[in-house]
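Each remark here refers to the structure printed beneath this line.
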Protein chains: 2
Amino acid sequence: MTQTKDDTIAVRISKVLADRIIAGEIEPGSRLRQDHIASEFGASHVPVREAFRRLEAQGLAISEPRRGVRVAAFDLAEVREVAEMRASLEVLALRHAAPHLTKAILDLAEDATRAGDKSRDVHSWEEANRTFHRTILAPCAMPRLLATIDDLHAASARFLFAAWRTEWETRTDMDHLAILAALRQGNVDAALTTLGRHVQWIGQKPVRTAAGTTREAFAIVG
Amino acid sequence: MTQTKDDTIAVRISKVLADRIIAGEIEPGSRLRQDHIASEFGASHVPVREAFRRLEAQGLAISEPRRGVRVAAFDLAEVREVAEMRASLEVLALRHAAPHLTKAILDLAEDATRAGDKSRDVHSWEEANRTFHRTILAPCAMPRLLATIDDLHAASARFLFAAWRTEWETRTDMDHLAILAALRQGNVDAALTTLGRHVQWIGQKPVRTAAGTTREAFAIVG
DNA sequence: TTTCGATAAATTATAGATAATTCTGTCGAC
DNA sequence: GTCGACAGAATTATCTATAATTTATCGAAA
């Protein structure tokens, strides 16, 4: 899947750490100690520090000089911010991708949606959702835009996993189907409008904290 | 201005290199050799490598494993891409900033525009232009969005300096004035429309290459 | 309780060494 | 003259060891 063969050690470490942060395996705010991580990966601190810089750029970690690196914290304001950025940029990407969308591509996107609808856990749903969005946006052929959207998707996934850590209820994604239908009949504007609204939809769910109390958790669900 | 005291060496190096790349002092495609840069800054190669990772994240350099780091090349397609991303994101930022704009802020933005109109060289024009955009967008209070816009501005500046390396003709920026006027009278939609169009306007200019031939150069002028 | 200071720990950075890879330029074959 | 093979130089990516600086901890004194 992801080629680990040609990657540099620093890249490999950053990918593993990114996965852990997104999955919520490491608490927001907790410290990433370079020597511990170095010894875990059997590496020295040099590639670990480079991995930290990559995580920082993705917005998954924050680094304070001389105080080390921490997993980035987030709040409702940031969930909203990422949702709005995704809405703007995905609409832009789809506008450019639309003329290049073929029936084959739209069929692949529909497969992804169906896989999402059948998902029984939040992880496989997220993967299917990400595939859907990637599939219809990639033909825009704007690498910088797609890379930025990827980082925002990573943030979205993090919020999602934090809110729906365990439970997940199957549901069919009407928006995805509406977007595909609009694209198939050449109604790009309708697809753009639906996509923009879809990505800004923020799910809300009461969640038990470790202390036993409940709080509201929010996540981008689309 | 920019605090170099508290910064780490890696950050300091990346800032200097970023300035050089944006100013066009280093040719696109040319290699950044870590040992050379390390000795130039009187540092070791470790912070230099971290600086490279930061430049990579900003899109100013590209790194290929085992083949080193090069200054990122760019073409008309990327100029267009950055322009469109800026248009989308700056419109989003302004929509959120608008309710928080005060007369004092708008006056500051007008000062920046006036400074730009008086600029006799492209560097001071770019600085004034950047100040204008920053001033009206910052009150949106969306840090991730603003950071992304900053990186896009850096790319824009790079394109601009590459196209208008020496010559620059003074001109008054009607779009800026129109945006400010619309904001002052509370017509946010008009301001958003004008800003979106303004940032997508791509200037075009024949430029003499080193070989003596002329080619068309393009840049985001807004 | 708060403040102070000694101690411990972690980050940041240096220096030097090494394996692997890429670049460069020469030489010979066609 | 062009092409490819080859040797040597240069460069990257990494490790190890170590120093300097800063932050964190923790107990004692005011």
Side-chain angles (χ1 to χ4, degrees), chain A residues 2-21 25-73 147, chain B residues 2-21 25-73 210:
Chain A
T2 50
Q3 52 174 27
T4 65
K5 181 66 171 59
D6 206 32
D7 277 349
T8 192
I9 292 182
V11 171
R12 230 148 38 201
I13 293 176
S14 80
K15 282 181 179 171
V16 173
L17 292 180
D19 283 347
R20 287 187 196 164
I21 294 171
E25 289 170 30
I26 323 180
E27 287 283 302
S30 66
R31 302 183 58 174
L32 296 173
R33 292 194 201 76
Q34 61 182 17
D35 286 351
H36 294 203
I37 292 165
S39 62
E40 181 197 336
F41 285 89
S44 76
H45 67 99
V46 181
V48 173
R49 293 181 61 80
E50 289 182 42
F52 284 172
R53 297 290 91 80
R54 304 182 101 254
L55 295 174
E56 220 184 326
Q58 289 180 304
L60 295 176
I62 51 173
S63 151
E64 296 164 289
R66 294 271 167 201
R67 306 191 63 184
V69 176
R70 297 176 172 279
V71 176
Chain B
T2 50
Q3 53 176 27
T4 65
K5 180 68 174 59
D6 208 29
D7 278 347
T8 191
I9 292 182
V11 172
R12 230 148 37 199
I13 293 176
S14 78
K15 283 180 178 171
V16 173
L17 291 180
D19 283 348
R20 287 185 196 166
I21 294 171
E25 289 171 30
I26 324 179
E27 287 283 302
S30 66
R31 300 183 59 174
L32 297 174
R33 293 194 200 75
Q34 60 183 19
D35 285 353
H36 294 202
I37 291 165
S39 62
E40 181 197 335
F41 285 89
S44 72
H45 59 101
V46 180
V48 173
R49 292 182 61 81
E50 289 181 44
F52 285 171
R53 298 288 93 80
R54 306 183 101 252
L55 295 173
E56 219 184 329
Q58 290 180 305
L60 295 176
I62 53 171
S63 146
E64 296 164 289
R66 292 272 166 201
R67 306 191 62 186
V69 176
R70 298 177 172 276
V71 175

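Convention: sequence-line order gives letters A, B, ...; per-chain numbering from 1.
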- Note on the structure: Residues pairing under salt bridge (Lys or Arg N to Asp or Glu O under 4.0 Å) where one sits in residues 32-44 of chain B, two or more places apart or in two chains, turn out to be Arg20(B)-Glu40(B)
- Item | Any donor-acceptor pair under 3.5 Å from Arg70(A) side chain to Gly29(A) backbone |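 Yes, the answer is positive, given that a donor and an acceptor are paired below the 3.5 Å cut-off.
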I need the minimum non-hydrogen distance between [X] and [Y], along with the two atoms involved.
X        : Y        : value
Asp7(A)  : Arg12(A) : O-NH1, 3.7 Å
Ser44(B) : Val48(B) : O-CG2, 3.5 Å
Pro47(B) : Ala10(B) : O-CB, 3.4 Å

Side chains of residues 52-59 of chain A: which donor-acceptor partners sit under 3.5 Å, not counting sequence neighbours?
| residue | atom | partner | partner atom | Å |
| --- | --- | --- | --- | --- |
| Arg53(A) | NE | Glu56(A) | OE1 | 2.9 |
| Arg53(A) | NH1 | Glu50(B) | OE1 | 2.5 |
| Arg53(A) | NH2 | Ser63(A) | OG | 3.4 |
| Arg54(A) | NH1 | Ser14(A) | OG | 3.2 |

- Among residues 53-62 of chain B, which contact DNA chain C at a heavy-atom distance under 4.0 Å?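 Hits under 4.0 Å, by residue number: none.
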Between [atom1] on residue [X] and [atom2] on residue [Y], distance to nearest 0.5 Å:
X        : Y        : atom1 : atom2 : answer
Leu60(B) : Leu32(B) : CG    : CG    : 10.0 Å
Ile37(B) : Leu17(B) : CD1   : CG    : 5.0 Å
Arg49(B) : Ile13(B) : CZ    : CD1   : 13.0 Å

- So, is Thr8(A) close to the dT14(D) phosphate, meaning a side-chain N or O under 4.0 Å from OP1 or OP2? yes
Provide, to the nearest angstrom, the distance between the [atom1] atom belonging to [X] and the [atom2] atom belonging to [N].
X        : N       : atom1 : atom2 : result
Arg49(A) : dC15(D) : CZ    : P     : 14 Å
Arg33(B) : dA10(D) : CZ    : P     : 11 Å
Phe52(A) : dA10(C) : CZ    : P     : 13 Å
Gln34(A) : dA13(C) : CD    : P     : 10 Å

Which protein N or O atoms sit under 3.5 Å from an N or O of nucleotides 14-20 of chain C?
| residue | atom | partner | partner atom | Å |
| --- | --- | --- | --- | --- |
| dT14(C) | OP2 | Ser44(B) | N | 2.8 |
| dT14(C) | OP2 | Ser44(B) | OG | 2.7 |
| dG16(C) | O6 | His45(B) | NE2 | 3.2 |

Under 3.5 Å, which N/O atoms of the protein pair with N/O atoms of nucleotides 24-26 of chain D?
| residue | atom | partner | partner atom | Å |
| --- | --- | --- | --- | --- |
| dA24(D) | OP1 | Arg67(A) | NE | 3.3 |
| dA24(D) | OP1 | Arg67(A) | NH2 | 2.6 |

- Message: At 10 degrees resolution, what angle do the end axes of the helix from dT1(C)-dA30(D) to dC30(C)-dG1(D) form when each is taken over five base pairs?
- Response: 30°
